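None of the values given here were measured: they were computed from a predicted structure. Heads up: numbering here begins at 1 and tracks the sequence.
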Amino acid sequence: YDLIIVAPALPIFTALELLRKSSTPHKILLVEKGKPVEKRHCPKDKTGVCVNCKPTCAITTGFSGAGAFSDGKLSLSYQVGGELPDLIGEIAQELIDYTDKIYLEFGADPKIEGIYEGPDIKDIRKRAIQAGLQLVDCPIRHLGTEKAQQLYLNIQNYLADNGVEMLFNTECENIILEDSVCKGVRLREKDGVRDVYAKQVVIATGRAVRTAGKICAEHNIAHKPGTVDIGVRVECRNEIMEKINKVL
C-alpha cells in the first residue's frame, strides 16, 4: 500500500485529503478494530443496561469512533475549546471553516445556532465585561445523533467508492520497524495474524491511547497523552439568565 491508516475518526479526513489533494492515485488501507457504521448498534437500546459488548464496544469503537453516537455539536469558533490555535496559529479558524464545509458536503444540517444580533446582545456583552467575563460569539452546527450516523455512513461509502480499502474487526497489534523506520503494521484478524506493508503509516489513536502507548514504549518512541478539556458551569443570578434566555 501507499498508505495504511489505523484507528477511529482522524483517518476519515486523512483519507479524504489524500484522495482529493493528490495528483496521482494512491492505494490506501484503513484499519478499524470495530465495525462499519451501518453495523454499529448498541444492545442497550433493547436491554436497558450495558452488556459489555465483546470484543469491542459498539458506541466507542468502529468507523468514525464515538462521534457516530454523539449528539454532534460542532463549535465553529477557534476561541472555544482545545489548544488548536496554540498548535497551528492563525490558520485555526480557516481550518475549522474548511472542515465544516466537508461536514456540509456529506449531509450536515445547514442551520447554525449561536448567531444573534441586536441591542440586547450588546447589553449582555457589556454586562459580561463589567463582570470580568468574555462573551464569545460561537456559531454551533448541531448534527444530532441520527444525522451523525448517516453523515459518517455517507463518508464511509464515498471512501469505498473511491478505492479506499477498509478492514473492519481488525486490530493493529504492532508496527513493523526496519532501521527505526515504520514499514508497516501487524494486524490481528479473525483468521489470525498477518503483516501488511506500506510506504507511509498513520496511527490515529484518538482517545484510546492504551495500545498506542504500549507500542511506543516497546519501541522507545517518545509520546505524550493529549489533554482533555473539562467544562465548568458558573451559575448566574436568575434574573440574568432569564434575560439571556429571552434574547436567545
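Looking at Arg40 and Glu32, no side-chain N of the basic residue comes within less than 4.0 Å of a carboxylate O on the acidic one, giving no salt bridge. Between Asp120 and Lys246 no salt bridge is recorded (no basic side-chain N to carboxylate O distance below 4.0 Å). Residues Asp2 and Lys199 are paired through a salt bridge, judged by an N-O separation under 4.0 Å between the basic side chain and the carboxylate.
Under a 3.5 Å cut-off, the side chain of His142 and the backbone N or O of Ile140 do not form any donor-acceptor pair.
Remark: Gln130 CD is packed, more than 12 non-hydrogen atoms of other residues, nucleotides or ligands lying under 6.0 Å away. Within a 6.0 Å sphere centred on CD of Glu173, other residues, nucleotides and ligands contribute more than 12 heavy atoms. Arg237 CZ: 12 or fewer foreign heavy atoms inside a 6.0 Å radius.
Val80 and Leu143 end up in different hydrophobic clusters when Ile, Leu, Val, Met, Phe, Trp and Tyr side chains are linked at under 4.5 Å.
For Gln79, the side-chain hydrogen bond (donor to acceptor under 3.5 Å, both in side chains) criterion is met by no residue, not counting sequence neighbours. For Lys46, there are no side-chain contact (heavy atoms from CB on, under 4.5 Å) partners at least two apart in sequence or on another chain. Applying the salt bridge (charged side-chain N to carboxylate O under 4.0 Å, His left out) rule to Arg127 yields no partners; only residues at least two apart in sequence or on another chain are considered.
Here the two rings, on Phe13 and Tyr103, have centers that are under 6.0 Å apart.
Of the candidates Leu95, Ile96, Ile91, Ile96 is the only one forming a side-chain contact (heavy atoms from CB on, under 4.5 Å) with Gln93. For the side-chain contact (heavy atoms from CB on, under 4.5 Å) with Thr14, the lone residue among Ile5, Leu30, Ile28 that qualifies is Ile5.
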